[in-house]
Amino acid sequence: MSRLTDFWKNFDVYSDDIVGKTSIAKQDYEILRSQQLLVSQREWNSDSTLFTIDLPSEPFVGDLDAPIYIMTLNPGAGDDEYENWENTTLQDLANNCVVQGETDYPFYYLNPVLIGTGGYDYWRNNRFSGLIKALTEYYNSEDIAIKKIANNVCDLELCAYRSSKWDVSPKIASKLSVVKAMKDFIVNVVVPGVIRGEKTFLVGRGREYFKSERFNYNGKIITFDDLETEFPDRVVFYHGQACRAMSFNPYGYAKSGGGGTLGGQVLLESLKKLP
């Protein structure tokens with residue numbers, strides 16, 4: 001088990017008589033409270049840039065040993081998020097993922113038992129729709145296509161706390177224990193795997209958190225930003241507005257029938273190479 005799994009197995013949330021049990025780690029609660037960055041359902045709205053204290057944290061979705069990683073900034077919170085998390089099946093699948101339990105769908109938002117939930121619609125019918133179509137044509141089976149993604153792709157949230165929009169300075173976010181734990185995993189597990197040729201890495205927002213990191217590659221020192229140049233077949237950085245949408249449609253498989261992104265194409269080719 002990785003240190004990231006150990007961190008989340010021992011995750012201890014803040015709780016008191018006033019706010020009750022939260023989804024925020026004890027060591028992070030005062031940091032966020034002092035910066036007025038926390039909100040509960042009573043005050044929450046879909047335009048909020050604050051972290052919800054009463055929705056589950058979601059550090060990663062998928063197998064942490066997967067050959068393909070996606071790095072996003074933090075899990076969102078749409079209009080129906082509170083309703084979504086009333087689903088006990090979703091709760092059980094998310095909790096099982098945190099401890100890396102056995103499952104046929106490590107990327108649990110692709111599990112058909114979640115059909116009708118916001119997360120399933122977001123990932124299955126939106127983010128992965130073009131990729132699933134391309135793989136279905138390749139394998140002549142949608143079931144194989146979906147399981148191929150579910151078993152080989154892992155989404156890593158740099159900050160596990162949920163908000164509708166992100167408006168937190170790197171200076172504050174870098175102090176959070178959940179961010180430190182995920183950075184440690186990316187620096188010590190993901191990037192070395194990329195350098196060894198074992199991992200594919202698609203990077204959305206959050207590269208600024210890795211500016212000071214250095215890695216050894218063939219006797220030379222490279223930075224996090226060098227990864228895309230050194231390993232163009234397995235590292236893709238999304239830029240500008242593309243970071244927010246982070247489309248995983250391969251070329252020719254956008255909903256319009258055209259378009260697509262380099263990230264989606266690299267993801268498709270990486271999946272097709274796997275046994």
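Just so it is clear, the values below take in all heavy atoms, side chains as well, and ignore hydrogens, waters and symmetry mates.
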Check whether Ser164 reaches the backbone of Ala77 with its side chain - one donor and one acceptor, N or O, closer than 3.5 Å. yes
Quick one about Glu157 and Thr72 (side-chain donor to acceptor, distance below 3.5 Å, no hydrogens or angles considered), yes or no? yes
Where Asn126 and Ser129 come nearest, the two heavy atoms and their spacing: O-OG, 3.1 Å
side-chain hydrogen bond (donor to acceptor under 3.5 Å, both in side chains) contacts in which one or both residues fall within residues 170-180, not counting sequence neighbours: Asp28-Ser177
Could you check Trp85 against Arg162 for side-chain contact (heavy atoms from CB on, under 4.5 Å), going step by step and ending with a plain yes or no? CA-CA 12 Å; Trp85 284 96; Arg162 194 176 297 276; 3.5 Å; yes
Mind checking salt bridge (charged side-chain N to carboxylate O under 4.0 Å, His left out) for Arg234 and listing every partner two or more places apart, or none if nothing turns up? none
Value rounded to 0.5 Å, distance of CG in Leu267 from CG in Leu271: 5.0 Å
Can any side-chain N or O of Ser57 pair as donor or acceptor with the backbone N or O of Ser23 at less than 3.5 Å? yes
Flag, side chain of Glu213 to backbone of Phe210, donor-acceptor distance under 3.5 Å: no
Compute whether any side-chain donor of one residue and acceptor of the other, for Asp54 and Thr22, lie under 3.5 angstrom apart. no
Would you mind reporting whether Gln41 and Thr52 have side-chain heavy atoms less than 4.5 Å apart? no
Do Ile222 and Glu230 touch side chain to side chain, with heavy atoms closer than 4.5 Å? yes
Non-hydrogen side-chain atoms of Val99 and Thr5 separated by less than 4.5 Å: no
Who passes side chain to side chain contact (heavy atoms under 4.5 Å, CB included) against Pro232, sequence neighbours left out? none
Any residue meeting salt bridge (charged side-chain N to carboxylate O under 4.0 Å, His left out) with Arg33, in chain and number order, not counting sequence neighbours: Glu30
Proximity of Trp166 and Phe51 rings by center, below 6.0 Å: yes
Separation of Ile144 CD1 from Asn151 CG (nearest 0.5 Å): 12.0 Å
Short question: side chain of Gln100, backbone of Cys97 - any donor-acceptor pair under 3.5 Å? yes
Listing request: all salt bridge (Lys or Arg N to Asp or Glu O under 4.0 Å) pairs with a residue in residues 101-127, at least two apart in sequence or in separate chains. Arg124-Glu142
Could you give the side-chain donor-acceptor pairs of residues 106-114 under 3.5 Å, partners two or more places apart or in another chain?
residue: Tyr108; atom: OH; partner: Glu58; partner atom: OE2; Å: 2.4
residue: Tyr109; atom: OH; partner: Glu58; partner atom: OE1; Å: 3.4
residue: Tyr109; atom: OH; partner: Glu58; partner atom: OE2; Å: 2.7
residue: Asn111; atom: OD1; partner: Val113; partner atom: N; Å: 3.0

Can you name the nearest heavy-atom pair linking Cys154 to Asp63, along with the distance? CB-O, 3.3 Å
Run the side-chain donor-acceptor check on residues 235-247: report pairs under 3.5 Å with partners two or more places apart or on a different chain.
residue: Tyr238; atom: OH; partner: Ser247; partner atom: O; Å: 2.7
residue: His239; atom: NE2; partner: Phe237; partner atom: O; Å: 3.3
residue: Ser247; atom: OG; partner: Asn249; partner atom: N; Å: 3.2
residue: Ser247; atom: OG; partner: Asn249; partner atom: ND2; Å: 3.4

Given Tyr69, which partner from the list Val194, Asp155, Val190 fulfils the side chain to side chain contact (heavy atoms under 4.5 Å, CB included) test? Val190
Donor-acceptor pair, Ser48 side chain versus Trp44 backbone, under 3.5 Å? no
Taking only residues two or more places apart in sequence or in another chain, which ones pass side chain to side chain contact (heavy atoms under 4.5 Å, CB included) with Glu43? Val39, Ser40
Ile221, Leu227: one ILVMFWY side-chain cluster at the under-4.5 Å cut-off? no
Can you establish whether the number of heavy atoms outside Asn216 located under 6.0 Å from its atom CG is more than 12? yes
Do Asn152 side-chain atoms and Ala66 backbone N/O form a donor-acceptor pair below 3.5 Å? no
Tell me if a side-chain donor or acceptor on Asp80 pairs with a main-chain N or O of Glu83 at a distance below 3.5 Å. no
What pairs meet the salt bridge (Lys or Arg N to Asp or Glu O under 4.0 Å) rule with one or both residues in residues 182-198, with sequence neighbours excluded? Arg3-Asp184, Arg196-Glu198
Step by step, would you call Thr117 with Thr89 a side-chain contact (heavy atoms from CB on, under 4.5 Å)? CA-CA 10 Å; Thr117 66; Thr89 302; over 6 Å; no
How far apart are the closest heavy atoms of Pro250 and Ala134, and which atoms are they? CG-CB, 4.1 Å
Just one of Val61, Val203, Leu156, Val153 clears the side chain to side chain contact (heavy atoms under 4.5 Å, CB included) bar with Ile70, so which one? Val153
Salt bridge (Lys or Arg N to Asp or Glu O under 4.0 Å) contacts touching residues 261-274 (sequence neighbours left out): Glu269-Lys272
Criterion side-chain contact (heavy atoms from CB on, under 4.5 Å) on Ile68 and Lys199, from CA distance to verdict: CA-CA 6 Å; Ile68 301 169; Lys199 305 288 187 180; over 6 Å; no
Is a side-chain N or O of Asn96 found less than 3.5 angstrom from the main chain of Asp92, in a donor-acceptor match? no
Tell me every residue that passes side chain to side chain donor-acceptor pair (under 3.5 Å) with Glu137, counting only those two or more places apart in sequence or in another chain. Tyr253
By side chain to side chain contact (heavy atoms under 4.5 Å, CB included), which residues pair with Asp16, not counting sequence neighbours? Tyr14, Ile18, Val19
Give the C-alpha distance, both sets of side-chain angles, the deciding distance and a yes or no for side-chain contact (heavy atoms from CB on, under 4.5 Å) between Thr136 and Ser141. CA-CA 5 Å; Thr136 297; Ser141 168; over 6 Å; no
Aromatic ring proximity Phe231/Tyr217, centre distance under 6.0 Å: yes
